[in-house]
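Shown next, in structure tokens, is the structure this report addresses.
Sequence lines set the chain letters: A, B, ... in the order given, protein chains first and strands last, and positions in each chain run from 1. Side chains included, hydrogens not; waters and symmetry mates left out as well; all remaining heavy atoms used.
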Amino acid sequence: MEYNFNDIEKKWQDKWRKNQTYKVDVDASKPKFYVLDMFPYPSGAGLHVGHPLGYIASDIYSRFKRLNGFNVLHPMGYDAYGLPAEQYAIQTGQHPAKTTEINIKRYREQLDKIGFSYDWDREVRTCDPDYYHWTQWAFTQMFKHYFNTKTQKSESIVSLIALFETEGNVNVEAATSQEEVFSAEEWKGFDNIKQQEILLNYRIAFLAETQVNWCTELGTVLANDEVKDGVSVRGGFQVTQKKMKQWSLRVSAYAQRLLDGLDTLDWTDSLKEVQRNWIGRSEGASVNFKIKEHADIIEVFTTRPDTLYGATFMVLAPEHELLSQITSNDCKEKIENYLESVKGRTERERIADVNKITGEFTGAYGINPLTGEYLPIWIADYVLSGYGTGAIMAVPGHDSRDFAFARHFNLPIIQVVAKEGDVPTDPATWDDSYDAKEGKMINSGIIDGLDVKEAITKIIKHIEDEKFGYGKVNFRLRDAIFSRQRYWGEPFPVYYKDGLPQVLDDDKLPLELPEVDKYLPTEDGQPPLGRANGWETENGEPFELNTMPGFAGSSAYYLRYMDPKNSKGLVSKEANEYWQDVDLYIGGTEHATGHLVYSRFWNKFLFDLGYVCKEEPFKKLINQGMIQGRSNFVYRVKGSNKYVSYNLRKDYDVTDIHVDVNIVHHDVLDIEKFKNWMPEYKNAEFILEDGKYICGYAVEKMSKSMFNVVNPDVIIEQYGADTLRIYEMFLGPLEISKPWDTSGIEGVHRFLKKLWRLFYNADGKIEFSTEKPTDAEQKVIHKTIKKIGEDIEKFSFNTSVSAFMICVNELSDLKCNKKEVLEKLAIILSPFAPHVAEELWSVLGNETTVVDALFPDFDESYLVENTKKYPISFNGKVRFTLDMPTTATKEEIEKAVMAHEISQKWLDGKAPKKVIIVPGKIVNIVV
RNA sequence: GCCCAGAUGGCGGAAUUGGUAGACGCGCUGGUCUCAAACACCAGUGAGGUUACACUCGUGCCGGUUCGAGCCCGGCUCUGGGUACCA
């Protein structure tokens, strides 16, 4: 029998399905292992060969763990809500649920062909009411809790109300936007509306005014990356900054815990670093500045309170709330002009434009609390309203942005820190500020002469004693805006009573997404849900019109997989306590900040409430690299329909044209296929080299427009899923980006055919021997078992594939057909090539599936070498090799080396200066 | 700008973490088989050099440490990714 991969793969996929080979359940008799892929958004384009890379890696690891006796949870599902489906719905009128369903079906067909070991009974879809029931439920829980900063935990809003009733909010330490202080008596005196407004300031899920990029034409809020040059990327419509009531999640409350948790995780340092930067903890002080001739106070956050004596001006964000009150009459016009000029710019644009220094003087002065000096107050868009207090004290001597600003507007610069050993110089002569946090304080009153660290401690104490500020830790991490003006997302389980939001009771969940006539905003600018008929409670209270964002459904899906059919809760206690957390999570780097911050937050919240037993959801995480496309080009001679081959193109004036990589083989163009590819090439003429048309190539993003997309289905049809799986791994290290070039796949395919011939003789008959393997055969297989086991644990799958090739090459050379050896080979190969391994395992006479076999142990005794080929080098250059017994002593080795004739040549009669012998490694002789 | 990762044959990539650079595969060259092709198999393949050896050079660039550096240290160049005036 030939290696007929199509039949074999279909046969085993059917059997696995029929026998429910990959179904898993809680099983206390076995240790658990949870392997998770980042679930995909099912796009209309289907999968290309880049997508399954991570899935194949995780599948190999899952199968390996199962062979080692673990009960492996390895599920898959779909992140089914998303913008493309909604856009398509707007264009075609088709319900996004319908197109999503079609896309999912296509994804499933493609995934099934690759032979994954997913337990499909556990599939989840974020758009399924049985699933988003629990997304909505989690939201209602967030509505019903607040974050106690003293205990660093989320606690019930009911307990908060009890506190208010006994002592007001004076002693409450909470993550809140509430500023007004009230007593118990006052609280009791407030009416229900006032009380609800106050509570909203404490809830983890809260409604707040937020600055958003509003696009009137599209009737929606846009993300920063959907806006460019003040207009929407899609459509080019005007975008303005607008304040809107939006649901937000108080993610920032968890900033410290999100930071601390990183230390417990087995993630790469670079990924942890990205998260740390995103959370952005900084220590410093909050300082209050009085304003000349005004009662108001400007609160400022600084990480350098030590430089307070060096502050020479202040800067407010253009959005600062005190701006209109403090602006002097003669400056009003200029300030308004300035505000007009920055209005259209998004935060990202303001930040990105480093070279353009803009700002305007308000006419007001702050008062330095230490010196009583007047500091002119400016506004500038380099100060952001979303960070700190939206106001800074500017210390141009020791902050490079302040320095640039001071230079540009001719503001004074004072030196207050001098580098150890340096004499103070005139800042007017400086090219840049001195930002380093080291040196001695000068010109600094009570902290003069101290070094920076001491100065910070002392000045904070002073600020606190004098009551114009306090030491403070600030975070960059902001609360997550949770409202979207879209149709295709989870509806909020929220209705409005007297204009105030209330959440639905648990027994009213899920609140299902209603039908609408069009997927567009209403005429008066309401979100699409404004079109739904009867979108209100039984009592006529209107439901929320916004829907939830993409990250809502992906924040707890790993928990749902543990218990996907549970109608009583997100996950049962039993299932959660068994599966606990994700042992291995594989996905792309693009989720390094968004998804991985939000789901950690979500999980910590559920942990506080006692619904999950682990505080961190993803123990180990690996980012797979991107598969890039490898594009091919043809070269058209300008002004003609003639195409010149790659190496001849220099003699002509040519245009590079992308050509479909699927009609190019080893960079040779299939001319007939090219002529039929598009009508314009029908009558193309060619200038060939050696009778062939050679194409050029380039590594680019894999995309339709580059004609370099390769579909896994096509590869599978031609070479089989096992070849695809192995080739994807063989391309290079998992974490690294690398180009896809179908050319190399034949080597992998040849390897599988060669493997097949170890089992089948020249007549195509299965033939194996039950005799004991020879030592040479044992050595080959045991060496491979060892290498494969180690490589899989290191996720070094490309080197495992080489090891398999070497193993098959060596067994072929030995003409080995011993059952004992072949059987072990089938098992260790099965995670990589499950179909062919299963087939070969079964033809050896096994009745059970190879999936349930035991990964063989290797026997060290077969691996012992008794001779070592020593490289003998002179002055570090290898001149010859010498076989010595591994037991040889240094003295014996030296004697043998010195006696060798080539040594005599290199010694040239001289005595060696030094002889270095590392037993088992090398010999080096210094002459 | 900052952070992270990387740079090794014609190509994808190996290298036990300081010890024979280029495993494995692709491609290419020659050969066997075949009427021919495909498949398969065998041999060769970093550059220079030689009939063949010998030998010389060689892991982005410059310098250093070491008996010995692709790997460690200092400085630079380039590429990819992330991030963004975060006070």
Side-chain angles (χ1 to χ4, degrees), chain A residues 2 268-274 276-278 280-282 284 300-304 307 315 347-348 350-357 380-384 386-395 399-402 404-405 474-478 589-590 592-593 623 625-626 628 630 666-667 697 699 726-727 730-733 735-748 750-751 753-754 757 762 787 790 796 798-806 809 812 869-881 905 912-918 920-927:
Chain A
E2 286 278 290
T268 60
D269 288 337
S270 60
L271 181 57
K272 286 196 210 179
E273 202 51 35
V274 169
R276 281 195 192 101
N277 292 340
W278 192 259
R281 183 183 203 270
S282 51
V300 152
F301 174 75
T302 175
T303 54
R304 297 294 301 274
T307 62
V315 188
E347 198 169 89
R348 179 170 294 193
R350 282 167 51 174
I351 290 164
D353 217 348
V354 186
N355 302 319
K356 212 167 100 193
I357 297 168
D381 66 359
Y382 81 90
V383 174
L384 304 175
Y387 183 76
T389 59
I392 62 159
M393 63 172 207
V395 183
D399 180 286
S400 45
R401 288 150 308 159
D402 297 346
F405 194 82
N474 206 40
F475 292 96
R476 192 175 89 95
L477 183 69
R478 297 183 201 174
T589 5
E590 64 273 22
T593 48
N623 287 126
M626 248 186 9
Q628 296 152 310
R630 185 182 187 277
H666 292 311
D667 291 336
Y697 71 89
V699 173
I726 295 180
Y727 187 56
F730 190 55
L731 279 178
E735 298 93 327
I736 304 274
S737 292
K738 57 246 160 189
W740 175 273
D741 180 4
T742 305
S743 301
I745 203 167
E746 283 157 22
V748 166
R750 252 169 239 158
F751 153 71
K753 285 201 277 197
K754 195 163 178 179
R757 288 199 302 271
K787 172 82 174 150
E790 287 169 355
S796 177
N798 56 327
T799 52
S800 334
V801 176
S802 308
F804 279 124
M805 289 173 170
I806 293 168
N809 288 345
S812 300
K869 200 179 209 144
Y870 278 92
I872 313 299
S873 44
F874 288 80
N875 294 333
K877 286 190 171 39
V878 179
R879 297 303 175 183
F880 64 97
T881 59
K905 176 185 160 191
K913 278 191 193 142
K914 200 170 177 184
V915 178
I916 293 127
I917 295 171
V918 185
K921 296 257 178 182
I922 51 101
V923 176
N924 188 21
I925 294 156
V926 186
V927 186

Tell me which nucleotide among [options] gets nearest to the side chain of [X].
X        : options             : value
A:Arg478 : B:C3, B:C86, B:C24  : B:C86
A:Ser743 : B:G25, B:U20, B:C26 : B:C26
A:Thr593 : B:U83, B:C24, B:U20 : B:U83

Among all residues two or more places apart in sequence or in another chain, which pass the salt bridge (Lys or Arg N to Asp or Glu O under 4.0 Å) test with [X]?
X        : answer
A:Asp399 : A:Arg401
A:Arg750 : A:Glu746
A:Lys272 : none

Subject >> Salt-bridge criterion met for A:Arg276 and A:Glu273 (N-O under 4.0 Å) >> reply: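 Salt bridge flag = yes for A:Glu273 with A:Arg276.
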Please list, for nucleotides 39-41 of chain B, all pairs of protein and nucleotide N/O atoms separated by less than 3.5 Å.
residue	atom	partner	partner atom	Å
B:A40	O3'	A:Arg757	NH2	3.3
B:C41	OP1	A:Arg757	NH2	2.8

Original post:
Within the side chain of A:Asp402, is there an N or O that forms a donor-acceptor pair under 3.5 Å with the backbone of A:Val395?
Top reply: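 Side chain of A:Asp402 to backbone of A:Val395: a pair is present.
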**OP:** Look at the side chain of A:Lys738 and the backbone N and O of A:Pro733, then say whether any donor-acceptor pair between them is shorter than 3.5 Å.
**Re:**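 Yes, A:Lys738 side chain to A:Pro733 backbone: donor-acceptor pair under 3.5 Å.
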[X] [atom1] to [N] [atom2]: how many Å, rounded?
X        : N     : atom1 : atom2 : result
A:Leu271 : B:C4  : CG    : C1'   : 11 Å
A:Lys869 : B:A23 : NZ    : P     : 15 Å
A:Met805 : B:C24 : CE    : P     : 11 Å
A:Glu273 : B:A84 : CD    : P     : 15 Å

Subject >> Residues which pass ring-ring contact (aromatic ring centres under 6.0 Å, His included) with A:Tyr870, listed by chain and number, not counting sequence neighbours >> reply: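 Scan of A:Tyr870 (ring-ring contact (aromatic ring centres under 6.0 Å, His included), adjacent residues dropped) gives none.
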**OP:** List in chain and number order the residues that pass ring-ring contact (aromatic ring centres under 6.0 Å, His included) with A:Phe730, two or more places apart in sequence or in another chain; answer none if no residue qualifies.
**Re:**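 A:Phe730 satisfies ring-ring contact (aromatic ring centres under 6.0 Å, His included) with no other residue.
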**OP:** Identify, with sequence neighbours excluded, every residue that meets side chain to side chain donor-acceptor pair (under 3.5 Å) alongside A:Asn809.
**Re:**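 With neighbours one apart ignored, the set is A:Lys754.
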Subject >> RNA chain B base-pair string [pairs: Watson-Crick or G-U under 3.5 Å; |: paired with another strand] >> reply: (((((((..(((......[....)))((((((.......))))))(((......)))..(((((..]....))))))))))))....
Using nucleotides 65-68 of chain B, report all nitrogen or oxygen pairs with the protein that are shorter than 3.5 Å.
residue	atom	partner	partner atom	Å
B:C67	O2'	A:Asn924	ND2	3.0
B:C67	O2	A:Asn924	ND2	2.6

Original post:
With sugar-phosphate meaning primed atoms plus P, OP1 and OP2, does A:Thr268 contact a base, only sugar-phosphate, or nothing at under 4.0 Å between heavy atoms?
Top reply: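 No contact.
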Distances under 3.5 Å between nitrogen or oxygen atoms of protein and nucleotides 11-16 of chain B:
residue	atom	partner	partner atom	Å
B:G12	O2'	A:Leu731	O	2.5
B:G13	O3'	A:Asn798	ND2	3.4
B:A14	OP1	A:Asn798	ND2	2.8

Subject >> Parallel, tilted or perpendicular, as decided by the 30° and 60° cut-offs, for the rings of A:Tyr727 and A:Trp740 >> reply: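 Geometry flag for A:Tyr727 against A:Trp740: perpendicular rings.
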Subject >> Contacts of A:Phe874 that satisfy side chain to side chain contact (heavy atoms under 4.5 Å, CB included) - sequence neighbours left out >> reply: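 A:Phe874 satisfies side chain to side chain contact (heavy atoms under 4.5 Å, CB included) with A:Ile872, A:Arg879, A:Phe880, A:Ser903, A:Trp906, A:Leu907, A:Ile925, A:Val927 only.
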Original post:
Taking the same atom, C1', in B:A14 and in B:G70, what whole-Å distance lies between them?
Top reply: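 My reading of the C1' atoms in B:A14 and B:G70 gives 12 Å.
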Original post:
When you compare B:A5 with B:A52, how far apart are their C1' atoms, in angstrom units rounded to a whole number?
Top reply: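 Per the computed distance, 46 Å lies between those C1' atoms.
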**OP:** For B:U17, decide between syn and anti, treating a glycosidic angle within 90° of 0 as syn.
**Re:**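 Judged by the O4'-C1' to base torsion, B:U17 sits in syn, the angle falling within 90° of 0.
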**OP:** Using heavy atoms to find the nearest nucleotide of RNA chain B for A:Met626 and A:Asn277 separately, return the residue whose nucleotide is more 5′.
**Re:**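 Per heavy-atom nearest nucleotide, the more 5' residue is A:Asn277.
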Between the protein and nucleotides 53-58 of chain B, list every N/O to N/O distance that falls short of 3.5 Å.
residue	atom	partner	partner atom	Å
B:U56	OP2	A:Arg879	NH1	3.0

